[in-house]
Undergrad: 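Quick one: structure below, then a few questions.
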Amino acid sequence: MSGIGAALLNSLDIGLLLFIIAVGLNIVFGVLNIINFAHGALYMLGAYLAFTLINLVGMPFWAALLLAPIGVAILAVIIDRVLLRFIYSRDVADSLLLTFAILLIINESVRVVWGSGIHVVQPPQLLSGSVELLGSSVSTYSLFVIVIGLLLLAGLWYLFNRTRVGRIMRAAALDRDMAEALCINTRMVVTGVFAFGAWLAAVGGVVAAPMRALDPGMGDKIIIESFIVVVIGGLGSFPGALLGAIILGLIHGFGGRYLPEVNLLLPFLGMALVLLFKPNGIMGKGATA
Amino acid sequence: MKTRILMGLLAVVIAGLIAVPWIASYFYIFILTEILILGLFAASFNLIFGYTGMLSFGHAAFFGIGSYATALVLIHLEWPFLACLLVSMGASALLALVIGFLSVRLNEVYFAMLTLAFGMMVFAIAYQWRSVTNGSDGLAGFTLGSFGLGLDLTLGNPAVYYHVVLAIIAIAAVVLYLICRSSFGLILKAIRQNPERVSFAGLNVRTYRLVAFVIAGSFAGLAGGLMAPFLRVASPELLHWSMSAEPVLMAILGGTGYFLGPFVGSAVFVLLETWITSYTESWMLVLGIILAMMVIFFRKGLLGTALDWWMEVKK
C-alpha cells in the first residue's frame, strides 16, 4: 500500500512539474499557432540561470526563482522580435524548423558558457528535509513542487477566465484579424504570449533544478516530455495540459516502479495511442488556452 | 543548354568521386563515405518531406532498423553483404508500412508528432531489449564476409568499401530519381501543394502518401545497412530523434525542392562539421545559425539559391 502511495505522490510531483513546463508550450501554440521546439531549451536556461544566481552570485533560492524566469522572458522577447516575426504567417512546419534552430543555438551556448559537465543546485534549507505522508516519507521539496504547480494552475485559470489580459489572449487566439479590428495590438500580444510561455518554461527549470542534475541535454529530454503531454491532453487546450501532465506523471510514477523493463516505451506508446484514436488529444481542440 | 551544363557538371563530380581513393587520404575516403550514406538517408527523407509535404520526425527509425538488420544478419547468419542490404530494405519497408499505415492520415503537426512517437518507441525497444540488441552498447563485432554475386571484394578495406557504397548509392539515387520524375512523383508533388484537389481528382491521397512513406523508409533502411559496417556498430543512437533531425537539416540546407538538394546538404553538413570542429567545439551553434538563416531567408536551400542566382546571371 505504501508502495502505491509513494508512486502516486511521485506521479503527482512529476506531473505538476511537467504541467508547469508543458502549459507554456501549449499556450504558445494555442495563441500563436507555433510549436516551440526551443521550449525545453528555455527551461534549461531557467535552471542554469538559477544555478548561476545561487552558486556564483550567492543569492537565496527564492530570489533566483523570481529573477531567472524574468531573464529568460526578456531573452524570449528578443528571440521573438529578431527571428520569429519572420515566420508567424507561414506554415507550422517552418516554425517547427526555426525553433529547432533556436534550440541548437541555445543548447550549444549553454555548453560554451557553463561547460558540458553536470551542475547541482541545492534545495533551500526550508525544503531540504522530509515529512511522513501516506505511511511513507516524502521529501519536503516534492510537496513544494506540488504546491507551486497547484498555485500556477489556479493563477492561470484566473488569468484566462477572470482578467482582461486573459480575454485579450483568447481573442487573439481565436481570430487575429478580428482582435486587430477591436484595437488590440496583436503584435504586442504575440510577443507577450511568447515571453509568458518562456517564463513558464523557466519557472519549471528553476523548480526542477534542485531535483535533477543540470546538464546540456536536459532541455532535449523535457521538450519530448512536453510534446507527449500536450499531444495527450490536446494541443492548445489548457485543461488538456493538466490532464496530459497527470497522465504522463502516472506513466512515469507507476511505470518506473512496476514495469522498469519497458518504462522508456510507455510514454511514447501512450502518445501514439492518443494520436491514433483521438488525434486532437483527449480534451480536443477548440478549447483554446 | 542549361541542362547540358548541369549534366556535364554532374559527370565531372561523379568521375571525381570515383577517383577519390587514388588521390585523397583515408581521412577523406571516410568523410565521403559518410556524406554518401547520409545523402541517401536525406534524399529518402526528402521524398516524403520535399515532394509529398509530410514532415516526419521519426525517419531515423528506418535508418536505424536497417543498421540493426545488417548487423544481426552478419552476426547470426553471416550472409553475403548484398543479401544483408536486401534484408535491411525489407525490414525497413515492413516497419514503414506499419508506421505509415497508422500515420499518413494525420497532417502537419500531428503527423510530425506521431512519427516522433513511433520513432522513439523503436528507439526505446532497441535500448531496452538487451538480449537481441545489446542495449545501449549496440551490436558490434561483426565482420563483412563476401559481397555476393560471386564478386571477390575485400570489403574490410575502406577504399573498396567506399567504391561499393558509391556504386550502390548511385543506383539507389537513379531509382529514386526515376520515381520522383514518374507520374507517381508528380502526384506526390500535387499532394504537397493541394491534397484536397488531388482527392477531388479521384485519387486516394492516403494510399499515395503511404506508398511514398514505404519507399522512403526502405531507402533509409538501405542507407542504414550501409552505415552499420562503416561505423562497425549498430547502436540506439542511430534510432534517436536527434538522428531523425539530421536528414531534415540536410534537406533544408541543400534545398527540398530539388532531387540533388539533400546530397548537397549532406556534403555541406558533414564538411562544415569536420571543418568547424577542427577549430572549435561549437559546431551546433554554427549549424543552428545557418539553419535559422535558411528557414527565414533562403527557403530554397543552397542548391536552389545557387540555381536561381545562376539563371539570373545568364539573363
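Each chain gets a letter, A, B and so on, in the order its sequence line appears, and its residues count up from 1.
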Undergrad: For Val231(A) and Met113(B), work out which heavy atoms get closest and say how close.
TA: CG2-CG, 3.7 Å
Undergrad: Measure Ile290(B) against the heavy atoms of chain A and call it side chain, backbone, both or neither at under 4.5 Å.
TA: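 Ile290(B) has no heavy atom closer than 4.5 Å to chain A.
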Undergrad: I'd like to know if the side chain of Arg299(B) and the backbone of Asp94(A) have a donor-acceptor N/O pair within less than 3.5 Å.
TA: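 A pair under 3.5 Å: no.
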Undergrad: Out of Ile106(A), Thr99(A), Val274(A), Leu98(A), which one racks up the most heavy-atom pairs below 4.5 Å with chain B?
TA: Leu98(A)
Undergrad: Heavy-atom pairs under 4.5 Å with chain B - which of Leu83(A), Ile228(A), Ile224(A), Leu266(A) has more of them than the others?
TA: Ile224(A)
Undergrad: Are any non-hydrogen side-chain atoms of Leu276(A) and Arg105(B) less than 4.5 angstrom apart?
TA: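 Leu276(A) reaches Arg105(B) side chain to side chain.
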Undergrad: Check whether any side-chain heavy atom of Leu249(B) sits under 4.5 Å from a side-chain heavy atom of Phe100(A), and report yes or no.
TA: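 Answer yes - side chains close enough.
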Undergrad: Does atom CZ (Arg212(A)) have a neighbourhood of more than 12 heavy atoms from anything else shown, all under 6.0 Å?
TA: no
Undergrad: Heavy atom to heavy atom, less than 4.5 Å: which residues from residues 256-268 of chain B reach chain A?
TA: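 The stretch does not come within 4.5 Å of chain A.
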Undergrad: In this structure, are over 12 heavy atoms from other groups packed under 6.0 Å from Arg197(B) atom CZ?
TA: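 Open: at most 12 neighbouring heavy atoms sit under 6.0 Å from CZ of Arg197(B).
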Undergrad: Highest number of heavy-atom pairs under 4.5 Å with chain A: which of Leu287(B), Leu291(B), Thr280(B), Val286(B)?
TA: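 So the answer, after comparing Leu287(B), Leu291(B), Thr280(B), Val286(B), is Leu291(B).
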Undergrad: Are Phe227(A) and Phe57(B) near enough that their ring centres are under 6.0 Å apart?
TA: no
Undergrad: Less than 4.5 Å apart, side chain to side chain, heavy atoms only: is that true for Gln128(B) and Glu261(A)?
TA: no
Undergrad: When rounded to the nearest 0.5 angstrom, what distance separates CG in Leu97(A) from CD1 in Ile252(B)?
TA: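 That separation rounds to 4.0 Å.
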Undergrad: Between Leu116(B) and Phe268(A), is any pair of side-chain heavy atoms under 4.5 Å apart?
TA: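 Counting from C-beta outward, Leu116(B) and Phe268(A) never come under 4.5 Å.
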Undergrad: Could you check whether the rings of Phe86(A) and Phe297(B) sit parallel, tilted or perpendicular, using 30° and 60° as the cut-offs?
TA: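 Perpendicular, since the angle between the ring planes exceeds 60°.
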Undergrad: Of the backbone (N, CA, C, O) and the side chain (C-beta and beyond), which part of Trp241(B) lies under 4.5 Å from a heavy atom of chain A, both, or neither?
TA: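 When you check distances to chain A, only side chain atoms of Trp241(B) fall under 4.5 Å.
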Undergrad: Are more than 12 heavy atoms, taken from residues, nucleotides or ligands other than Phe101(B), located less than 6.0 Å from that residue's CZ atom?
TA: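 Open.
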Undergrad: Give the minimum heavy-atom separation between Ala112(B) and Leu96(A), together with the two atoms involved.
TA: CB-CD2, 4.3 Å
Undergrad: If I measure from the heavy atoms of chain A, does Leu114(B) come under 4.5 Å with its side chain, its backbone, both, or neither?
TA: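 Both backbone and side chain of Leu114(B) come within 4.5 Å of chain A.
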Undergrad: Tell me, for Asn107(A) versus chain B, whether the close heavy atoms (under 4.5 Å) come from the side chain, the backbone, both or neither.
TA: neither
Undergrad: Could you report the tightest heavy-atom contact between Ala101(A) and Ala292(B), atom names first, then the distance?
TA: CB-N, 3.6 Å
Undergrad: Is there any residue in residues 119-126 of chain B with a non-hydrogen atom under 4.5 Å from a non-hydrogen atom of chain A, and which ones are they?
TA: Met120(B), Met121(B), Ala124(B), Ile125(B)
Undergrad: Counting only non-hydrogen atoms closer than 4.5 Å, does Ile102(A) touch chain B with its backbone (N, CA, C, O), its side chain (CB onward), both, or neither?
TA: neither
Undergrad: Tell me, yes or no, whether the heavy-atom count around Glu237(B) atom CD, taken from other residues, nucleotides or ligands under 6.0 Å, exceeds 12.
TA: no
Undergrad: Do the non-hydrogen side-chain atoms of Asp91(A) and Leu55(B) ever get within less than 4.5 Å of each other?
TA: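 A side-chain contact under 4.5 Å is absent here.
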Undergrad: Counting only heavy atoms not in Met188(A) (residues, nucleotides, ligands), do more than 12 fall under 6.0 Å from its CE?
TA: no
Undergrad: For Pro260(A), which atoms come within 4.5 Å of any heavy atom of chain B: side chain, backbone, both, or neither?
TA: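 Contact with chain B: backbone only.
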Undergrad: Checking Ile35(A) against chain B: side chain, backbone, both or neither under 4.5 Å from a heavy atom?
TA: side chain
Undergrad: For the residue pair Leu285(B) and Leu104(A), establish whether any side-chain heavy-atom pair is separated by less than 4.5 Å.
TA: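 When only atoms from C-beta onward are counted, Leu104(A) and Leu285(B) do not touch, as no gap falls below 4.5 Å.
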Undergrad: For residues 102-118 of chain A, which residue pairs pass the salt bridge (Lys or Arg N to Asp or Glu O under 4.0 Å) check, not counting sequence neighbours?
TA: Glu108(A)-Arg111(A)
Undergrad: Suppose we screen for salt bridge (charged side-chain N to carboxylate O under 4.0 Å, His left out). Which residues come up paired with Asp308(B), at least two apart in sequence or across chains?
TA: Lys300(B)
Undergrad: Would you mind telling me which of Val262(A), Leu103(A), Leu265(A), Leu264(A) has the largest number of heavy-atom pairs within less than 4.5 Å of chain B?
TA: Leu264(A)
